[in-house]
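Below you'll find the structure, written out as structure tokens, and then a few comments.
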2 protein chains.
Amino acid sequence: MKEKIDRLTIGKLATASNVSVETIRFYERKELIKQPEKQGGFRYYPTDLIKKIWFIKRSQELGFTLKEVKELLELTVKKKSRCNDILIRTETKIDEINEKIKDLKRMKKSLEGLAKCCDSREMPLSDCPVLDCFIDSK
Amino acid sequence: MKEKIDRLTIGKLATASNVSVETIRFYERKELIKQPEKQGGFRYYPTDLIKKIWFIKRSQELGFTLKEVKELLELTVKKKSRCNDILIRTETKIDEINEKIKDLKRMKKSLEGLAKCCDSREMPLSDCPVLDCFIDSK
DNA sequence: ATACACCCCGTACCATGGTACAGGGTCAAC
DNA sequence: GTTGACCCTGTACCATGGTACGGGGTGTAT
């Protein structure tokens, strides 16, 4: 059992990164992670990848899609990258989030309006104006 | 050209409802719309369906998934349905929306925090603390 | 030297909401 | 009676983020 540093099997990497083996293979297919060469029958992963997977997961929590995460990862590798390159993406994402919040608030308002259409909860639905409100709202 | 009322071909229905023919077929597959029997070589749709499709589209705008819209449509058909049945779903949806808004606001806050990590936009990314912030933020 | 956990690869499948064909058939106008 | 626009069915495909599985190969501990 010589478990060299920087020689994680995919299973060890998965455990260490708290994702499934399948997820790692999925990231490989999506080219977020480079698949290492086979050494004998198995492929071995550097421990660096634990941090990388953490970055991927954190980026997802921040609202980035995997496609966008891929771009972020590419930025972190390129020598020419400026801080600005990340900031631009961050600001764009904030704008997108603001848009989504606006959408959700609009929906919420309409739904709240709907609820007011109903006079009595136990009324048969066919007699209640709520369905008309549904259609007419906005 | 005898275009009887209540005898829309799928194409006419699509045009009248402002969706594509494929979308109507998709709704049929998902059982939101009942596929009419064939009369000769074609199927003919009642004009009622224009309103129904409008309802589907409006429900989607309000944040309901097609699965949920299907349930709503089933409610509107059942004799026993009460107004309450719709209100419950509306209130549940409002709660879900509130949760999503909360999530988005959390993301936004983290992203805004990130932006503050950077001292100078033109700094090479490798020298900038922004990536560490990315990882460490919350 | 053999068991057994683990790895490899390919492929199919899940939900969500559609879109896009191909290869036929039909209706209706002219 | 033929053209042309429309319809029919089935199936595959798109993005998104994975999950699942079968059938085989391998590394290592005992």
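Reminder, nothing fancy here: chain letters follow the sequence lines and each chain counts from 1.
Among residues at least two apart or in separate chains, side chain to side chain donor-acceptor pair (under 3.5 Å) pairs with a member in residues 77-88 of chain A are A:Asn84-B:Arg121. A ring-ring contact (aromatic ring centres under 6.0 Å, His included) check over residues 55-75 of chain A, counting only residues at least two apart or in different chains, returns the pairs A:Phe55-B:Phe134. Among residue pairs with one or both ends in residues 33-52 of chain B, none qualify as salt bridge (Lys or Arg N to Asp or Glu O under 4.0 Å); sequence neighbours excluded.
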Please produce a list of atom pairs where a protein N or O lies less than 3.5 Å from an N or O of nucleotides 13-20 of chain D.
{"residue": "D:dG17", "atom": "OP2", "partner": "A:Leu66", "partner atom": "N", "Å": "3.1"}
{"residue": "D:dG18", "atom": "OP1", "partner": "A:Lys57", "partner atom": "NZ", "Å": "3.4"}
{"residue": "D:dG18", "atom": "OP2", "partner": "A:Tyr27", "partner atom": "OH", "Å": "3.4"}
{"residue": "D:dG18", "atom": "OP2", "partner": "A:Gln60", "partner atom": "OE1", "Å": "3.1"}
{"residue": "D:dG18", "atom": "OP2", "partner": "A:Gln60", "partner atom": "NE2", "Å": "2.4"}
{"residue": "D:dT19", "atom": "OP2", "partner": "A:Ser20", "partner atom": "OG", "Å": "3.1"}
{"residue": "D:dT19", "atom": "OP2", "partner": "A:Thr23", "partner atom": "OG1", "Å": "2.6"}
{"residue": "D:dT19", "atom": "O4", "partner": "A:Arg29", "partner atom": "NH2", "Å": "3.3"}

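Scanning for salt bridge (Lys or Arg N to Asp or Glu O under 4.0 Å) contacts around B:Glu61 gives B:Arg58, with sequence neighbours left out. Not counting sequence neighbours, the partners of A:Phe26 by the side chain to side chain contact (heavy atoms under 4.5 Å, CB included) test are A:Arg29, A:Lys30, A:Leu66. When the salt bridge (Lys or Arg N to Asp or Glu O under 4.0 Å) test is applied to B:Asp103, the partners found at least two apart in sequence or on another chain are B:Arg106. Residues meeting the side chain to side chain contact (heavy atoms under 4.5 Å, CB included) test with B:Thr92, sequence neighbours left out: B:Ile88, B:Glu96. Scored by the salt bridge (Lys or Arg N to Asp or Glu O under 4.0 Å) test, A:Glu28 finds no partners at all (sequence neighbours excluded). Partners of B:Tyr44 by side chain to side chain contact (heavy atoms under 4.5 Å, CB included), not counting sequence neighbours, listed by chain and number: B:Arg7, B:Thr9, B:Gln39, B:Phe42.
Shown for residues 91-100 of chain A: no residue has heavy atoms falling under 4.0 angstrom of DNA chain C.
With the end axes of the helix from C:dA1-D:dT30 to C:dC30-D:dG1 each set by five pairs, the angle from one to the other reads 30° at 10° resolution.
The nearest whole Å value for the distance from the CZ atom in A:Phe42 to the P atom in C:dC4 is 17 Å.
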